[in-house]
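FYI, side chains are in, hydrogens and waters are out, and symmetry mates aren't considered; it's all heavy atoms of this structure.
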Amino acid sequence: MYPLLPSLAAACLYAGATGYQGLRLAQRAVPDRRLLLLLGSLALLAHGASLVYQLLAPAGLVLDFFTASSLIAAAVILLLLLAVNRMPVENLLLPLFPLGCLTVLLGQFAPSGTPQVITEAPGILAHILFSIIAYGLLTIAVFQSLLLLLQDHYLKHKHPSGVIRNFPPLQTMESLLFGFLWAGWLLLSASLLSGWLFLDDLFAQHLVHKTALSVLAWVVFGVLLWGRHRLGWRGHKAIRLTLAGFCLLMLAYFGSKLVREFILHI
């Protein structure tokens with residue numbers, strides 16, 4: 001009963017924030033930032049309360065597929081709510097609030113498969129923390145790249161919609177994208193390093209696909225950042241590489257987790 005209440009409260013608050021922001025943008029008006037932050041913060045608090053019930057167990061940390069999805073979504077929204085006070089990124093909340101609503105409901109109601117119980121060793125917890133924040137920042141970068149693609153399309157066709165008119169200039173949007181990419185790549189580096197240091201066997205049979213795909217994603221993001229710095233890569237090339245690296249990273253974590261928990265049951 002108790003875990004259900006914060007999950008439903010979070011879903012309703014996320015839905016309310018999405019409805020408010022979407023309605024204001026449809027009216028070609030700027031949403032009230034304080035109200036948006038209030039609704040988002042209340043939703044995130046309820047989301048966090050539901051995660052406490054779902055994650056903590058006497059044996060350790062339970063991180064099954066849907067709970068992990070909910071945790072990463074909460075981390076993404078937290079990072080973005082913190083960023084809104086300093087950067088013009090509130091438009092990113094429009095797709096991320098529904099993501100939070102969906103994942104908190106799936107974490108509450110979806111079957112758990114074969115849950116993985118993690119002992120609370122400091123090194124392992126550090127690896128998990130680095131991974132979650134890295135995934136969060138790179139998820140924000142992906143949504144930023146999609147908004148950048150949308151903005152570029154409308155500007156080229158010279159008929160920006162009401163939503164696009166609320167976006168910052170294209171150069172600012174691109175700078176934000178690479179800022180999130182740099183932060184996410186550095187934390188992904190810390191995640192891989194901590195995994196190598198603290199996991200018993202990073203290339204064990206059940207981890208080899210996850211490790212290989214994560215390293216490949218790290219290389220893709222690294223090449224993109226190098227190309228931006230040395231060759232001035234931007235626009236569609238940057239967006240394609242961002243999406244490619246993100247797909248590899250999500251396949252590494254969620255693909256391997258899905259197969260292990262729901263197909264192989266290990």
Taking [Y]'s backbone N and O only, do any of them form a donor-acceptor pair with [X]'s side chain (distance below 3.5 Å, no angle check)?
| X | Y | value |
| --- | --- | --- |
| T67 | D64 | no |
| Q21 | E90 | yes |
| E174 | G235 | yes |
| S191 | L187 | no |
| R228 | V223 | no |

Can you find a heavy atom in the side chain of [X] that is under 4.5 Å from one in the side chain of [Y]?
| X | Y | result |
| --- | --- | --- |
| V89 | I140 | no |
| S214 | L192 | yes |
| S50 | V104 | yes |
| M87 | F180 | yes |
| W182 | L225 | yes |
| W226 | L224 | no |
| T18 | P95 | no |
| F254 | I72 | yes |

Count the heavy atoms belonging to other residues, nucleotides or ligands that lie under 6.0 Å from CD of Q27, then report whether that count exceeds 12.
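Yes.
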Could you report the tightest heavy-atom contact between [X] and [Y], atom names first, then the distance?
| X | Y | result |
| --- | --- | --- |
| W233 | F178 | O-CZ, 3.9 Å |
| T103 | A73 | OG1-CB, 3.3 Å |
| F221 | G245 | CZ-C, 3.4 Å |
| P111 | F66 | O-CD1, 3.4 Å |
| Q108 | S7 | OE1-OG, 2.9 Å |
| A217 | L248 | CB-CB, 3.9 Å |

same_hphob_cluster([X], [Y]) at 4.5 Å side-chain heavy-atom cutoff:
| X | Y | result |
| --- | --- | --- |
| W196 | I132 | yes |
| L99 | L45 | no |
| L56 | F65 | yes |
| L23 | L36 | no |
| L186 | L193 | yes |

What's the verdict on side-chain contact (heavy atoms from CB on, under 4.5 Å) for Y135 and M250, showing C-alpha distance, side-chain angles and the deciding distance?
CA-CA 8 Å; Y135 295 159; M250 291 301 103; 4.2 Å; yes
Nearest 0.5 Å please: distance from the [atom1] atom of [X] over to the [atom2] atom of [Y].
| X | Y | atom1 | atom2 | value |
| --- | --- | --- | --- | --- |
| L216 | T211 | CG | OG1 | 12.5 Å |
| I77 | L93 | CD1 | CG | 8.0 Å |
| S41 | R34 | OG | CZ | 13.5 Å |
| S131 | Y253 | OG | OH | 8.0 Å |
| L177 | L146 | CG | CG | 10.0 Å |
| L78 | L96 | CG | CG | 12.0 Å |

What pairs meet the ring pair (Phe, Tyr, Trp, His ring centres under 6.0 Å) rule with one or both residues in residues 10-40, with sequence neighbours excluded?
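Qualifying pairs: Y14-H47, Y14-F97.
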Working for side-chain contact (heavy atoms from CB on, under 4.5 Å), residues S70 and L106:
CA-CA 8 Å; S70 180; L106 287 174; over 6 Å; no
Identify which one of T139, L251, L241, V220 satisfies the side-chain contact (heavy atoms from CB on, under 4.5 Å) criterion when paired with F246.
T139
side-chain contact (heavy atoms from CB on, under 4.5 Å) test vs L147 passes for just one of V142, D152, L94, L92, namely L92
Classify the ring geometry of W218 against W185: parallel below 30°, tilted from 30° to 60°, perpendicular beyond 60°.
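Taking W185 first and then W218, their aromatic rings lie parallel (interplane angle under 30°).
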Pair V30, R24 - check side-chain contact (heavy atoms from CB on, under 4.5 Å), show working.
CA-CA 6 Å; V30 178; R24 294 294 290 167; 6.0 Å; no
Report the C-alpha distance between V76 and L137 in whole Å, list the side-chain angles of each, state the deciding distance to 0.1 Å, and finish with yes or no for side-chain contact (heavy atoms from CB on, under 4.5 Å).
CA-CA 7 Å; V76 172; L137 286 166; over 6 Å; no
